[in-house]
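Below is one structure, written out as C-alpha cells; comments come after it.
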Amino acid sequence: LEPKAREANVVMTQETDAEVLCMGDADQLRQVLVNLGMNGIDAMPRGGALGFRISRADGTATRVSVTDSGTGIGDEHREQIFSAFFTTKSEGTGLGLAIVQDIIAAHGGTISFTSRENEGTTFEISLPDFAPASTPLAGDIKSERMAS
C-alpha cells in the first residue's frame, strides 16, 4: 500500500499491541488489510491519514481497526457496502468488501464500520484469539502416540 499511499498524499500509521495472537490464513488476512487500505486511500482524493491498529479486545478476541480520514460512506450506501458487485467507484468490481466480509466470517470473526460523511470511516474487525494451550501441536500428538 505504501507506494499508492505516497502517490495519493496519504500518511499511513500502524500500531500493534505486543501480546496479540490470532490464528488464520496469513495471505487471506493480508488481503483483508489490502482491500480495506485501498478503499481508504481511494476515499481520500486530496490526501489524508490511513491508520491500522491491532489490539486485544476483552481478553477473547483480537481487534483490527482500519481508519481513514476520507469522504465517508453515505447513509444511502450503508446497507449495501458488503454486497457483491456494489460499488460507488467509476472503476472496480464491487467485490472488495464482500471478499473482506467472507474472509473474516471464514475465520470466525465479525466486521462492522462507523462512518461520517466528509470525516472518514473506521472498519472494526474482531477475530477469535489464538489459544495455544487448547490446540495440540503436531509434535504433541506424535509424542502421545509414541508413548502409548
Any chance you could measure [X], atom [atom1], to [Y], atom [atom2], to the nearest 0.5 Å?
X: Q101; Y: S112; atom1: CD; atom2: OG; answer: 10.5 Å
X: T13; Y: E15; atom1: OG1; atom2: CD; answer: 6.5 Å
X: L1; Y: R6; atom1: CG; atom2: CZ; answer: 11.0 Å
X: D75; Y: R116; atom1: CG; atom2: CZ; answer: 11.0 Å
X: L36; Y: I125; atom1: CG; atom2: CD1; answer: 5.0 Å
X: L33; Y: Q28; atom1: CG; atom2: CD; answer: 12.5 Å

Which residue, I73, L97, V66, forms the side-chain contact (heavy atoms from CB on, under 4.5 Å) with F113?
->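 Checked I73, L97, V66 against F113; only one passes side-chain contact (heavy atoms from CB on, under 4.5 Å): I73.
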
Report yes or no: do E124 and S65 form a side-chain donor-acceptor pair below 3.5 Å?
->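 There is such a pair between these side chains.
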
Connected via hydrophobic side-chain network under 4.5 Å: I41 and V11 |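 In one cluster with I41: V11, no.
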
Residue pair I104, L127: steps toward the side-chain contact (heavy atoms from CB on, under 4.5 Å) verdict | CA-CA 8 Å; I104 296 304; L127 294 167; 4.2 Å; yes

N/O donor-acceptor pair under 3.5 Å between [X] side chain and [Y] backbone:
X: N35; Y: G96; value: yes
X: T122; Y: T114; value: no
X: S115; Y: G120; value: yes
X: H107; Y: D25; value: yes

Minimal non-hydrogen separation, C22 against P128, with atom names =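 In terms of heavy atoms, the two residues are closest at CB-O, 3.6 Å.
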
Heavy-atom pair of closest approach, residues S69 and A49 |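 Closest pair (atom of S69, atom of A49, distance): OG-N, 2.9 Å.
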
Chi angles and distances behind the salt bridge (charged side-chain N to carboxylate O under 4.0 Å, His left out) call for K4, D42 | CA-CA 10 Å; K4 181 156 174 114; D42 289 345; 3.4 Å; yes

Can T71 and E117 be said to form a side-chain contact (heavy atoms from CB on, under 4.5 Å), step by step?
-> CA-CA 6 Å; T71 56; E117 284 192 75; over 6 Å; no

M44 vs L50, side-chain contact (heavy atoms from CB on, under 4.5 Å): CA-CA, chis, key distance, verdict = CA-CA 9 Å; M44 297 181 280; L50 177 64; 4.1 Å; yes

Might you confirm whether atom CZ of R78 has over 12 heavy atoms from other residues, nucleotides or ligands at distances under 6.0 Å?
->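 Correct, the count exceeds 12.
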
Counting only heavy atoms not in E79, do more than 12 sit closer than 6.0 Å to its CD atom?
->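 At most 12 heavy atoms, drawn from other residues, nucleotides or ligands, come within 6.0 Å of this atom.
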
For the pair V32 and I111, evaluate side-chain contact (heavy atoms from CB on, under 4.5 Å) and give the outcome as yes or no after the intermediate values.
-> CA-CA 11 Å; V32 165; I111 183 167; 5.7 Å; no

When you check the gap from the basic side-chain N to the acidic O, do R63 and D17 get nearer than 4.0 Å?
->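 No salt bridge links R63 with D17.
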
Looking at side-chain heavy atoms only, is the closest gap between M12 and E2 below 4.5 Å?
->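 Contact flag for M12/E2 side chains = yes.
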
Is any side-chain heavy atom of V64 closer than 4.5 Å to a side-chain heavy atom of F52?
->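 The answer is no; the side chains never approach within 4.5 Å.
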
Could you tell me how the ring of F123 sits relative to the ring of F82: parallel (under 30°), tilted (30 to 60°) or perpendicular (over 60°)?
->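 Geometry flag for F82 against F123: perpendicular rings.
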
